[in-house]
Amino acid sequence: MHGLILSGLEEINYASDLPDPQIVVATDVVVRVDRSGICGSDLHQYHGREPVAANTIPGHEFVGEVVEVGGDVRRFSIGDYVFSPFTTSCGACYFCESGLSARCQHWQFFGYLPPPGVDDGGRGIQGAQAEWVRVPLADTTLLHVPNRDEPEQALLLGDNFTTGFFCADSGDVQPGDVTVIIGCGAVGLSAIRSARYMGSEVIVAVDHVESRRTRASSLGAIAVTPDDALDCVMEQASHGADNVLEAVGMPAAQKLAFQLVRPGGVISTVGVHTASQFEFSPGDAYDRNLTYRAGRCPVRSYLDRILAAVNDGDLSIPTEQIITHNHVPLSDGAAAYRMFSQRKDDCVKVLLSGMSK
Ligand SMILES: [Zn+2]
Ligand SMILES: [Zn+2]
C-alpha cells in the first residue's frame with residue numbers, strides 16, 4: 001500500500017511498497033483510511049525527541065471505512081464508517097471500567113514502533129498515515145462516525161478535541177472561573193471551547209503565533225503572547241488564575257503555568273512532556289497548595305459524554321477554526337510535516353487523504 005514512513009530525523013518519506021495490513025487476531029479490523037491527522041505529538045517523533053523504528057508509519061488520528069473484519073468482531077461490519085481514539089482499549093479491565101481507557105491494561109498506540117534495542121512490551125503499532133490501518137480490539141476501541149458528512153469532526157473527536165475537553169475537565173473548570181489556556185493549537189483551541197462550555201467566565205489564551213491568537217479570539221478568549229500573559233491574568237484576577245490548561249508540553253509552558261495559577265488552583269496538562277524534571281520544585285508546589293494533573297486523555301472513556309453533549313447541541317467542535325489544511329494527498333506528506341512543524345501558512349491542523357489504488 002501507499003503511506004508515509006518516518007525513516008529518520010525530520011525525514012518523512014512517501015512509500016508505495018508498504019505491506020498491506022492484515023487481520024492478525026480475531027478481534028482486529030482493517031480500516032481503509034479516508035482522512036488521517038498530523039498531530040502535535042507526532043512532532044516529538046519527527047524531531048527525534050521520541051525515537052522510533054525506521055519503518056514506522058506515523059499517525060494516530062483517522063476516520064475511514066471498515067474493509068476487513070476478524071472473526072470475533074461483533075459491533076462492526078464491512079462498510080461501516082468509523083473513527084478511533086489514538087489508543088486501543090479492551091473495555092473490560094480495571095482502568096477501562098473506571099474511566100481511564102488510556103491506561104487500559106491492553107492499550108496499544110498507533111503510529112509508534114520502538115527503535116532497535118527498546119522493548120515497548122508490544123504497545124506500539126503501525127499508524128494511519130497510509131491507505132489502510134489495522135485496528136486491534138476493534139469492538140471496544142472504534143466508534144461509528146456520528147455524521148458521515150462530517151469526517152473532520154469525528155477525526156477531532158478521536159484525539160484533539162476530546163483531549164482539550166479532558167484538559168479542561170481535569171482542570172476543575174467551574175462556572176465563573178478565570179481560566180488560562182497555554183498553546184492555541186488544535187488541542188488548545190478545543191480546550192477554549194470546552195472551558196466555555198463548562199462555564200469559564202474569562203479565558204486567557206496564550207500563544208507565540210499571532211494567527212493562532214486570532215483563532216483563539218474568535219472563540220471568545222482574550223489572546224496574548226507569553227510575555228504579556230502575567231499582566232493580563234493579574235488584570236483579570238489579581239490572585240491568579242483558577243485553572244491553567246497547558247497544551248504545549250515544553251518546559252517554558254510549564255514554568256508559565258506555575259507563574260499564572262493562583263494558590264489552591266489547578267494546572268492541568270495534556271502536553272506530552274519529554275523533559276526529565278519539573279520547572280518548579282516540590283516546595284513551590286506546597287507553597288502554592290497546587291493541584292497538578294497530567295496525562296494521556298482517556299478518549300474512549302470520555303466519548304459517551306462528549307457525543308451526548310454534541311448530539312444535544314450543547315457543545316460543538318470548532319472544526320473551521322482548527323482544520324487549516326484538508327484533503328492533503330499522502331504524497332505531499334513530507335511537505336505537510338515541514339509546514340506544520342514550522343507553523344508556516346497559518347497551519348494548525350493538517351488532514352491527509354488516504355489514497356486508494
Ligand atoms: Zn494526536
Ligand atoms: Zn482495558
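Ligands are counted one by one from 1 in listed order, and the atoms in each one are counted from 1 as well. Numbers here are sequence positions counted from 1. Hydrogens, waters and symmetry mates play no part in the numbers below; they use all other heavy atoms, side chains included.
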Novice: Taking the inter-plane angle between the rings of F165 and F161 on a 0 to 90° scale, is it parallel (under 30°), tilted (30 to 60°) or perpendicular (over 60°)?
Specialist: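 Geometry flag for F161 against F165: tilted rings.
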Novice: Please find out if less than 6.0 Å separates the ring center of F86 from that of H60.
Specialist: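 F86 vs H60: aromatic centres under 6.0 Å.
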Novice: At what distance, to the nearest 0.5 angstrom, does CZ of F166 lie from CG of D159?
Specialist: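 Between atom CZ of F166 and atom CG of D159 there are 12.0 Å.
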Novice: Under 3.5 Å, which donor-acceptor pairs link side chains of residues 256-264 to any protein atom two or more places apart or in another chain?
Specialist:
{"residue": "R262", "atom": "NE", "partner": "D242", "partner atom": "OD1", "Å": "2.6"}
{"residue": "R262", "atom": "NH2", "partner": "D242", "partner atom": "OD1", "Å": "3.4"}

Novice: To the nearest 10 degrees, could you say what angle the Zn ion (ligand 1) makes with NE2 of H60 and SG of C39?
Specialist: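 The angle at the Zn ion (ligand 1) comes to 120°, rounded to the nearest 10°.
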Novice: Would you indicate whether H239, at its atom NE2, is surrounded by more than 12 heavy atoms from other residues, nucleotides or ligands within a distance under 6.0 Å?
Specialist: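 Above 12, so yes.
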Novice: Of all N, O or S atoms in E61, which has the smallest distance to the Zn ion (ligand 1)?
Specialist: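 In E61, the heteroatom (N, O or S) nearest the Zn ion (ligand 1) is OE2.
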Novice: Looking at the Zn ion (ligand 1), which N/O/S atom of D159 is the nearest one?
Specialist: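 The closest N, O or S atom of D159 to the Zn ion (ligand 1) is OD2.
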Novice: In the protein, how many N/O/S atoms are under 2.8 Å from the Zn ion (ligand 2)?
Specialist: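 Near the Zn ion (ligand 2), the number of protein N, O or S atoms below 2.8 Å is 4.
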Novice: I want to check something: taking the side chain as every heavy atom from C-beta on, are C93 and C96 in contact at a cut-off of under 4.5 Å?
Specialist: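 Yes, at least one pair of side-chain atoms sits under 4.5 Å.
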Novice: Where is the tightest heavy-atom contact between T324 and D346, given as atom of each residue plus distance?
Specialist: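 Heavy atoms of T324 and D346 come nearest at CG2-O, 3.3 Å.
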